[in-house]
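All remarks here apply to the structure that follows.
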Amino acid sequence: MKKNLLSILILVLLLVNIALTSVMMISVIGTNKKNAELVTSIAAVMNLELIGPSGIANVEVPLADTYTYDVQDALLIPLNGSNGYITFKISLLLNTKHEDYKKISKDIGTDTGVVRDSLIMDIVNEVVSAHTEEECRNDFGSVRDEILKALQQRYQTGCIYDIAISGVQYG
């Protein structure tokens, strides 16, 4: 009789365990769905941050897929509101895997041997000359973003995904 009573007690405890496990799983699944929705909404917000404050998409392109086009001449640009000027060299970073690469490489002259630096230099000159020397010295990063945005708008493509500026000097 004791063995049967013990078997019945084990069976009852087993059924209680299954019932409590089911209740716990149902509550965990509900919480897990809410957490998944929260993570999804956070991921959506993080994707919005792929576009920087200047409105330019921050694109990461592997070096193997990058073509660097160097503008031949250093630019000497008079700055707004002073007798000062800035001089630097600029290079365009092109994504070779972008759908517009063939068109842009012809427009810029990277594969035809035709150098069309004057258009690029005009765009850069227009953007930079609108700034004062103080603005350039304090926040050249935003000026750089403006140059990139102007180039992307002029060529109507995201193939130009970044620019490199070197040898910055003020005078």
Side-chain angles (χ1 to χ4, degrees), residues 32-171:
N32 192 20
K33 280 185 181 179
K34 290 177 185 175
N35 284 342
E37 290 172 7
L38 177 65
V39 168
T40 303
S41 66
I42 289 172
V45 169
M46 296 301 283
N47 283 338
L48 292 177
E49 290 181 8
L50 289 176
I51 297 181
S54 62
I56 299 172
N58 299 327
V59 180
E60 290 190 26
V61 178
L63 241 77
D65 298 337
T66 299
Y67 177 80
T68 305
Y69 176 72
D70 297 322
V71 174
Q72 299 296 326
D73 300 324
L75 286 87
L76 177 67
I77 302 170
L79 294 169
N80 190 16
S82 69
N83 292 333
Y85 62 89
I86 186 172
T87 182
F88 56 85
K89 286 194 63 78
I90 188 168
S91 301
L92 307 181
L93 297 157
L94 306 173
N95 181 356
T96 59
K97 299 293 184 188
H98 195 276
E99 59 192 27
D100 293 339
Y101 177 71
K102 288 195 184 282
K103 175 184 164 264
I104 294 301
S105 64
K106 287 178 184 173
D107 285 349
I108 292 175
T110 58
D111 63 353
T112 60
V114 176
V115 179
R116 298 190 177 140
D117 289 351
S118 58
L119 179 61
I120 296 167
M121 292 168 68
D122 182 53
I123 293 167
V124 173
N125 189 16
E126 184 178 320
V127 171
V128 175
S129 65
H131 294 278
T132 64
E133 183 175 349
E134 184 178 320
E135 290 172 342
C136 289
R137 285 185 187 268
N138 292 338
D139 190 17
F140 196 68
S142 65
V143 175
R144 194 176 159 282
D145 289 345
E146 285 181 45
I147 295 169
L148 177 59
K149 190 173 182 180
L151 287 167
Q152 288 175 337
Q153 286 177 349
R154 172 60 180 97
Y155 287 102
Q156 298 177 348
T157 185
C159 180
I160 304 169
Y161 73 92
D162 202 0
I163 58 174
I165 294 178
S166 61
V168 177
Q169 295 178 341
Y170 298 92

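We use all heavy atoms of the structure for the numbers below, so side chains are in, but hydrogens, waters and symmetry mates are not.
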Note to self: Any donor-acceptor pair under 3.5 Å linking the side-chain atoms of T132 with those of N80?
What the structure shows: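 Checked: N80/T132 side chains show no N/O donor-acceptor pair below 3.5 Å.
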Next item on the list: Only counting residues at least two apart or in another chain, list the ones meeting side chain to side chain contact (heavy atoms under 4.5 Å, CB included) with A74.
Entry: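 Listed in chain order: T87, K89.
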Roughly how far apart are [X] [atom1] and [Y] [atom2], rounded to 0.5 Å?
{"X": "I165", "Y": "F140", "atom1": "CD1", "atom2": "CZ", "answer": "4.0 Å"}
{"X": "H131", "Y": "R137", "atom1": "NE2", "atom2": "CZ", "answer": "15.5 Å"}
{"X": "K149", "Y": "I147", "atom1": "NZ", "atom2": "CD1", "answer": "13.5 Å"}
{"X": "N35", "Y": "T40", "atom1": "CG", "atom2": "OG1", "answer": "10.5 Å"}
{"X": "N138", "Y": "E133", "atom1": "CG", "atom2": "CD", "answer": "10.0 Å"}
{"X": "L75", "Y": "S129", "atom1": "CG", "atom2": "OG", "answer": "11.0 Å"}

Next item on the list: Please say which of I104, L92, N95, L94 ends up in a side chain to side chain contact (heavy atoms under 4.5 Å, CB included) with Y67.
Entry: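 Single pass found, and it is L94.
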Check: What residue pairs, at least two apart or across chains, pass salt bridge (Lys or Arg N to Asp or Glu O under 4.0 Å) with a residue in residues 160-169?
Finding: R144-D162
Could you tell me which non-hydrogen atom of [X] sits nearest to which non-hydrogen atom of [Y], and how far apart they are?
{"X": "I160", "Y": "T157", "result": "N-CG2, 4.4 Å"}
{"X": "Y161", "Y": "Q152", "result": "CA-NE2, 4.1 Å"}
{"X": "I123", "Y": "A150", "result": "CG2-CB, 3.7 Å"}

Next item on the list: Please check if the side chain of N125 supplies one atom and the backbone of M121 the other of a donor-acceptor pair under 3.5 Å.
Entry: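 No.
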Looking at [X], I want to see if its [atom1] is surrounded by more than 12 non-hydrogen atoms of other residues, nucleotides or ligands under 6.0 Å.
{"X": "N83", "atom1": "CG", "answer": "no"}
{"X": "K103", "atom1": "NZ", "answer": "yes"}
{"X": "R154", "atom1": "CZ", "answer": "no"}
{"X": "Y85", "atom1": "OH", "answer": "no"}

Margin query: Suppose we screen for side chain to side chain donor-acceptor pair (under 3.5 Å). Which residues come up paired with S142, at least two apart in sequence or across chains?
Written below: D139
Next item on the list: Carefully, step by step, assess V124 and F88 under the rule side-chain contact (heavy atoms from CB on, under 4.5 Å).
Entry: CA-CA 11 Å; V124 173; F88 56 85; 3.7 Å; yes
Next item on the list: State, with a plain yes or no, whether a side-chain heavy atom of D65 is found less than 4.5 Å away from one of Y101.
Entry: no
Item checked: Close side-chain approach of D100 and Y155, heavy atoms under 4.5 Å ->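 In short, these two side chains do not touch, never coming nearer than 4.5 Å.
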